[in-house]
Amino acid sequence: MKAEFNPSEIEAKWQKKWEEEKVYETDFKKTKDPYYCLTMFPYPSGARLHVGHWYMYSVPDSFSRFQKMRGKDVFHPMGFDAFGLPAENFAISTGTPPAKSTEENVGVMIEQFKRMGCMYDWSKALNTSEPDYYRWTQWLFLKMFEKNLAYKKDGNVNFCPGCQTVLANEQVWDGKCERCESEVTQKPLAQWYWKITDYSDRLLEGLDNIEWPEKTKMMQKNWIGKKQGIDIHYEIEGCEDEIVCFTTRPDTNFGATFIVLAPEHEFAKKIIDGDLKSDHKKEVADYIKKSLNKTELERQEEGKKKTGAFTGYYALNNLNGKKMPIWVSDFVLAGFGTGAVVGVPGHDVRDFEFADTYDLEVIRVVVASDGDDSPITKLEQVQEAEGTMINSGFLDGMNIHDATQKVMDHMVEKGWGKRVTSYRLRDWLVSRQRYWGSLIPIVYDPDGKAHPVPEEHLPWKIPTDVEFKPTGTSPIAKSKELKKRVEKIFGKGWTPEVDTMDTFVCSSFYQFRFLAENSQKEFVPKTIEKKWMPVDMYIGGPEHACMHLIYARFVTMALKDFGYVSVDEPFQRLFHQGLITHKGAKMSKSKGNVVSPDEFVEKYGSDVFRLYMMFMGPFADGGDWNDTGIKGPDRFAKKAYKKIAQSKFGEQSKALTVGLNRTIKKCTEEMEALRFNTAISALMEFLNLTEKEGTSQESAETFVKLLAPLAPHLAEELWESLGGKGFVVEQEWPKFDPKLIQSDTVTIAVQVNGKLRGDFEADSGVSEKDAISKAKEVENVKRFIEGNKINKEIYVEGKLVSFVV
RNA sequence: GCCGUGGUGGCGGAACUGGUAUACGCGCACGACUCAAAAUCGUGUUCUCGCAAGAGAGUGUGGGUUCGAUUCCCACCCACGGCACCA
């Protein structure tokens, strides 16, 4: 008899063997049936891996093992998204160079990942902060520049006058700097953008061809926000200017009573600058100054409390000759549509709130479906829904859709407007005024014109002679080394770009670089890229639904157009794991609710800990951390060990055969859908069955194979004890026989008037007639049907009989 | 504010395509083993009433469709994720 189950001993033993025999290294050229399973790579923080990391990485590892056993050549890589804010902040507070702290953190993380027992191919690991990697981030920038997809223009940044530094949105708390609590202001700065908007339609269309969760597709569609509408040109009384408003609801235009401009709007600027005379100049100027200091989110968050300032000017509604006052308000965003909206308070909630605040006229132009055509005086009456036109001249009587088309034709014909398609998606701002990122490979000639750094100078190294403490400019602007380097290569008076790139750029193409085996000659070898892309399964959090996942799709499409890759879509199948929270909140150092898995792994082992996390619920749901249930999987692992490594096997009973085939079916289906919780419960049920039915050698072998993706070390140990050859992870996944999963009898439930009154046993092939007559014989059922007329008899095959009396 | 997701026993959760709600596990109670404890094994465990047989209620709240609703429809409440410089 073998010794007791000792997880720390067997886990170390198998991790060593896997590494020695290179079980998990993928040879891209030799493989025949590729399966690329990618998990979003982590940021290497200084803290140890927490429970959330274990959840996010060990579960996809079980999925990869499952695919490997199903006969796929699985490539399951790991890397580090190493540029970013925390390392830079750490440098500011301690003086440790980010390169040094990052390298240390990565080293510690790799050791921890190895204890998890994941099948990562470490020979192909990536680190985005190493010159070997960021050379390609910069190469991508050069390609974007070369193809006219990169351009420079002014954009707003959060600026802290106290720290003299640009802040991330995350660092702004309630309009104040998180460090020094100064009031944060918005400051315009010349920055680089990538033209993702050129790809708006392709990004939309591509969604139809990928297997992603519907909710994610929906979020991306809304993020891109394609809308058909019309730009209406309004003349202004007493000046030559006109104002153009974008609207998707021109049908309601007879109900327009005012115009609202974004604070950034040209017309408003002209009033402040005095180019246009106005008695309200001071109010407008004060209002705009105040709102420009708010972030976009703040502007929209304030919700129902609408604020604004009247400009003193009126626009003319061509449809009915009405004079509409022109206001400025910060609920209108400059970046969407034309930065000016026409206010129809009867049929738009935000317009109504504004009209209500400033006592502007409200006109009903759509009759509600219940016939209500009373004047609109309350917010609840505002009708955005469908209906019939009223008070709208030639549109009266039409439904809103016909009216929309009719009025657009009319306006276009009269020259008052132009049909347009508008998108919510904006170009991607890639510049960051930070040190720890990929330096933008651009230099400026003495006239200030931008030139690309020729490819032969890549990687365009980040200088090290910089001051991390903020000084009002990008930290890299202070580097003498970079200045010297630029003058040496390009000539006197040339200067470097000192901004770095958004870390989302680094993570927009890593799926290709994993296949390049760190080649410095080419971005990715063509034959290998063709064979392995797209990624078969991409796993990561739903918080990336819009940003990272749109950027990666855009970059892939661009690279395809440039001729470097063969696919339009990088990720064929996508899965979002749920979030592990603690005390109801996302785990984070600042909240102090981070749970370390170390003591559990120490006590129960990696396998049991992994089982427990999978058993907590569906992978898509995540959950609130709580350790009370870990005893269950621990008992299960011990029991499995006892049953298989320490007992004798006998004959296989009929019941055990049925149970085994059902277990194979259930495990296969559930693992394919990443519902490991129910796969584990199926294995528990089978183990409970062996309590009654005993175990055979064959059923033990099958059980161990089914267990292998979930508890990899334990399964190897048990496989060895059963005398199995090779590694269990290299065995073929068990198949079930559909004939053997059915039992001979079924239990049929009987309902009377929809209430369960009893049940009976019948042969599985029982006829409808027999089932109904048998149902009438059930004691308790008799009591409820006796003396009543049966109006209806319903039979659901093999399941239920229902009487209506 | 806008976009998206979710709400089932004391707890984590299960339930195919509208067909026996609560599988599996934790916890708890009782019992066996033990000098005792732990571990292990067995029995029970949605709530209320009942010795029991059984009855009634029950999947966030209110309503609807249906012989039958956790599942479909409408309204509402609550919690969570994202909102373009956290990654």
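Letters go in sequence order (proteins before strands), and every chain restarts at 1. Atom set for the values below is all heavy atoms of this structure, side chains included, hydrogens, waters and symmetry mates excluded. Predicted model only: the values in this text are computed from it and were never measured.
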Ring center gap for A/W625 and A/Y612 short of 6.0 angstrom: yes
Close aromatic pair by centroid cut-off 6.0 Å: A/W192 and A/F141: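 That pair passes the under 6.0 Å test.
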Check whether any side-chain N or O of [X] sits under 4.0 Å from OP1 or OP2 of [N], and answer yes or no.
X      : N     : answer
A/N626 : B/C11 : no
A/N780 : B/A55 : yes
A/R757 : B/A55 : yes
A/T503 : B/A87 : yes
A/N688 : B/G25 : yes
A/N222 : B/G4  : yes
A/R426 : B/A84 : no

Atom of A/T102, atom of A/A87 and distance for their closest heavy-atom approach: OG1-CB, 4.0 Å
Side-chain H-bond candidate by donor/acceptor type, A/S474 with A/D499, under 3.5 Å: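 The answer is yes; a qualifying pair exists.
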Donor + acceptor pair across side chains of A/N158, A/Q186 (<3.5 Å): yes
Partner of A/F41 by ring-ring contact (aromatic ring centres under 6.0 Å, His included), out of A/F80, A/Y538, A/Y510: A/Y510
Kindly point out which of [options] is positioned nearest to the side chain of [X]?
X      : options             : result
A/K799 : B/C16, B/C26, B/G13 : B/C16
A/M218 : B/C83, B/G4, B/C67  : B/G4
A/T747 : B/A84, B/C24, B/U20 : B/U20
A/Q433 : B/G25, B/G19, B/C85 : B/C85
A/F784 : B/A15, B/C86, B/A55 : B/A55
A/M547 : B/G13, B/G81, B/A87 : B/A87
A/S802 : B/C85, B/G19, B/A55 : B/G19
A/E685 : B/A84, B/A23, B/C85 : B/A23
A/R432 : B/A84, B/G13, B/C85 : B/C85
A/R635 : B/C67, B/A84, B/C26 : B/C26

Nucleotide-level pairing of RNA chain B, given in dot-bracket where Watson-Crick and G-U pairs need both distances under 3.5 Å and | marks other strands: (((((((..(((......[....)))((((((.......))))))((((....))))..(((((..]....))))))))))))....
Take atom [atom1] of [X] and atom [atom2] of [N], then tell me their distance rounded to the nearest Å.
X      : N     : atom1 : atom2 : result
A/L429 : B/C83 : CG    : C1'   : 16 Å
A/L611 : B/G13 : CG    : P     : 17 Å
A/Y551 : B/A84 : OH    : P     : 9 Å
A/E670 : B/C24 : CD    : C1'   : 12 Å
A/N158 : B/C86 : CG    : C1'   : 13 Å
A/L85  : B/A84 : CG    : P     : 15 Å
A/I741 : B/C16 : CD1   : P     : 16 Å
A/H53  : B/A87 : NE2   : P     : 14 Å

Can you tell me, in whole Å, how much space there is between the [atom1] of [N] and that of [M]?
N     : M     : atom1 : answer
B/G50 : B/C35 : P     : 42 Å
B/U65 : B/C74 : C1'   : 11 Å
B/G60 : B/U70 : P     : 9 Å
B/G12 : B/C80 : P     : 16 Å
B/C26 : B/U5  : C1'   : 27 Å
B/C83 : B/G18 : P     : 35 Å
B/U34 : B/C11 : C1'   : 31 Å
B/C41 : B/C33 : C1'   : 9 Å

Check [Y] with [X], please: is the shortest side-chain N to carboxylate O separation under 4.0 Å?
X      : Y      : answer
A/R432 : A/D502 : yes
A/K643 : A/E691 : yes
A/E779 : A/K782 : yes

For B/G9, glycosidic torsion class - syn if within 90° of 0, otherwise anti: syn
Across the strands shown, which category fits [X] at heavy-atom distances under 4.0 angstrom: base, sugar-phosphate, nothing?
X      : answer
A/K755 : sugar-phosphate
A/W223 : base
A/L425 : base
A/V166 : base
A/P618 : sugar-phosphate
A/V172 : nothing
A/H544 : base
A/F803 : nothing
A/Q191 : base

Any sub-3.5 Å donor-acceptor pair from [X]'s side-chain atoms to [Y]'s backbone N or O?
X      : Y      : value
A/T503 : A/G84  : no
A/R553 : A/L203 : yes
A/H50  : A/V594 : no

Earlier contact from the 5' end, RNA chain B, for A/M219 and A/G617: A/M219
5' priority, RNA chain B, between A/R424 and A/D624 [closest heavy atom]: A/D624
Contact pattern, 5' to 3', of nucleotides 42-47 of chain B - B, S or - by protein heavy atom under 4.0 Å: S-----
Test log, rule side-chain contact (heavy atoms from CB on, under 4.5 Å), inputs A/Q220 and A/L207: CA-CA 9 Å; A/Q220 290 213 351; A/L207 292 173; 3.6 Å; yes
Flag side-chain contact, heavy atom, 4.5 Å: A/I196 against A/R426: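 Answer no - side chains too far apart.
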